Amino acid sequence: MGAQIITTPNGDRMVIIPEEEFIALQEAAEDQEDIRAVETFRGRLARGEEELVPSDVADRIIDGENKVRVWREYRKLSARELAEKAEISAAYLSQIESGARDGSFETIKKVAAALDIGVDDLA
């Protein structure tokens with residue numbers, strides 16, 4: 001490493017390195033952040049705090065399918081079962097899934113809890 005150390009007039013010591021070395025150091029720091037993020041995720045996954053969602057589920061959501069329906073089907077629940085777990089009527093759930101009605105925030109919280117996901121997964 002072609003580092004040069006200089007002292008400023010106020011006594012601060014500065015290290016000067018070639019730009020390509022600086023960029024390499026930045027990339028190494030970013031790699032370490034990524035490694036820590038992956039380790040954190042793996043720990044959360046092992047503790048059951050995270051889950052891996054199959055790509056077909058994500059693709060359906062990305063393609064614009066109703067998120068409640070996609071998650072319900074992924075969780076292998078009938079509409080009636082989900083409505084009971086969320087303590088709402090099956091008709092209301094059907095309207096939410098069809099897009100005929102938006103659920104209130106409280107309703108969406110109940111549906112998310114019944115699906116064992118966060119509210120943000122239905123936003």
Side-chain angles (χ1 to χ4, degrees):
M1 184 179 279
Q4 177 184 3
I5 299 175
I6 62 170
T7 303
T8 65
N10 66 357
D12 292 334
R13 291 174 50 89
M14 307 284 288
V15 177
I16 299 173
I17 60 173
E19 183 178 17
E20 60 273 358
E21 290 179 26
F22 174 74
I23 291 169
L25 286 172
Q26 280 185 313
E27 289 172 352
E30 290 172 2
D31 289 346
Q32 288 302 310
E33 287 177 32
D34 291 344
I35 289 167
R36 281 191 298 277
V38 169
E39 288 172 351
T40 298
F41 174 79
R42 286 183 176 156
R44 291 178 55 81
L45 184 63
R47 292 187 303 273
E49 298 168 359
E50 293 283 352
E51 72 177 302
L52 297 176
V53 178
S55 62
D56 63 312
V57 172
D59 289 342
R60 289 176 64 193
I61 291 170
I62 291 168
D63 290 342
E65 283 191 55
N66 181 276
K67 293 175 185 179
V68 173
R69 178 178 289 129
V70 172
W71 279 104
R72 176 179 60 76
E73 291 174 354
Y74 174 61
R75 296 287 192 232
K76 296 181 177 22
L77 294 170
S78 69
R80 184 168 309 285
E81 290 169 326
L82 177 56
E84 287 174 10
K85 285 182 75 169
E87 299 176 340
I88 62 174
S89 73
Y92 187 23
L93 177 63
S94 176
Q95 291 172 334
I96 292 170
E97 285 191 358
S98 71
R101 287 181 68 185
D102 291 328
S104 69
F105 182 71
E106 287 304 313
T107 299
I108 296 303
K109 276 179 37 179
K110 289 179 179 181
V111 171
L115 289 168
D116 196 26
I117 58 175
V119 173
D120 56 329
D121 291 317
L122 297 179

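As a basis for the values below, the full set of heavy atoms in this structure was taken, side chains included, without hydrogen atoms, waters or symmetry mates. Count residues from 1 along the sequence. Since this is a predicted model, take the numbers as computed values, not measurements.
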Passes side-chain contact (heavy atoms from CB on, under 4.5 Å), Val53 versus Trp71? Steps please.
-> CA-CA 10 Å; Val53 178; Trp71 279 104; 3.7 Å; yes
Can you get from Ile5 to Leu25 by hopping between Ile, Leu, Val, Met, Phe, Trp and Tyr side chains that sit under 4.5 Å apart?
-> yes
Do you know the tightest heavy-atom contact between Glu50 and Leu45?
-> O-CD1, 3.3 Å
Can you tell me if CG on Asp56 sees more than 12 non-hydrogen neighbours from other groups inside 6.0 Å?
-> yes
Linking I/L/V/M/F/W/Y whenever any side-chain heavy atoms sit under 4.5 Å apart, do Val70 and Ile62 land together?
-> no
Not counting sequence neighbours, which residues clear side-chain hydrogen bond (donor to acceptor under 3.5 Å, both in side chains) with Glu84? List them please.
-> none
Rounded to the nearest 0.5 Å, what's the gap from OG1 on Thr40 to CZ on Arg44? Could you check?
-> 9.0 Å
Reported CZ-to-NZ distance for the pair Arg75 and Lys85, which is rounded to 0.5 angstrom = 8.5 Å
Taking the side chain from Arg47 and the backbone from Gly43, do they hold a donor-acceptor pair closer than 3.5 Å?
-> yes
Please round to the nearest 0.5 Å and tell me the distance separating atom CD1 of Ile96 and atom OG1 of Thr107.
-> 5.5 Å
Can you name the closest pair of heavy atoms from Pro18 and Gly2 and give their distance?
-> CD-O, 3.4 Å
May I ask you to check whether over 12 heavy atoms, not counting those of Glu49, lie within 6.0 Å of atom CD?
-> yes
Could you pull out all residues at least two apart from Phe22 that satisfy side-chain contact (heavy atoms from CB on, under 4.5 Å)?
-> Ile17, Gln26
Sorted by chain and number, sequence neighbours left out, ring-ring contact (aromatic ring centres under 6.0 Å, His included) with Phe41 holds for none
Test log, rule salt bridge (Lys or Arg N to Asp or Glu O under 4.0 Å), inputs Glu106 and Lys109 | CA-CA 5 Å; Glu106 287 304 313; Lys109 276 179 37 179; 3.6 Å; yes
Where do Asp121 and Ile61 land on the side-chain contact (heavy atoms from CB on, under 4.5 Å) test, with the steps shown first?
-> CA-CA 10 Å; Asp121 291 317; Ile61 291 170; over 6 Å; no
Once you round to the nearest 0.5 Å, how far does OG of Ser94 lie from CZ of Arg69?
-> 7.5 Å
Between Ala83 and Leu93, the two heavy atoms sitting closest are N-CD2, 3.8 Å
Nearest non-hydrogen partners of Ile108 and Gly103, listed with the distance = CG1-O, 3.8 Å
When rounded to the nearest 0.5 angstrom, what is the spacing between NZ in Lys67 and CG in Leu122?
-> 7.5 Å
When every non-hydrogen atom of Ala114 is compared with those of Leu82, the smallest separation belongs to CB-CD1, 3.6 Å
Give the minimum heavy-atom separation between Glu81 and Lys76, together with the two atoms involved.
-> OE1-O, 4.0 Å
Are the side chain of Asn66 and the backbone of Val68 linked by a donor-acceptor contact shorter than 3.5 Å?
-> yes
Hphob cluster co-occupancy, Phe105 + Ile88, side-chain heavy atoms under 4.5 angstrom | yes
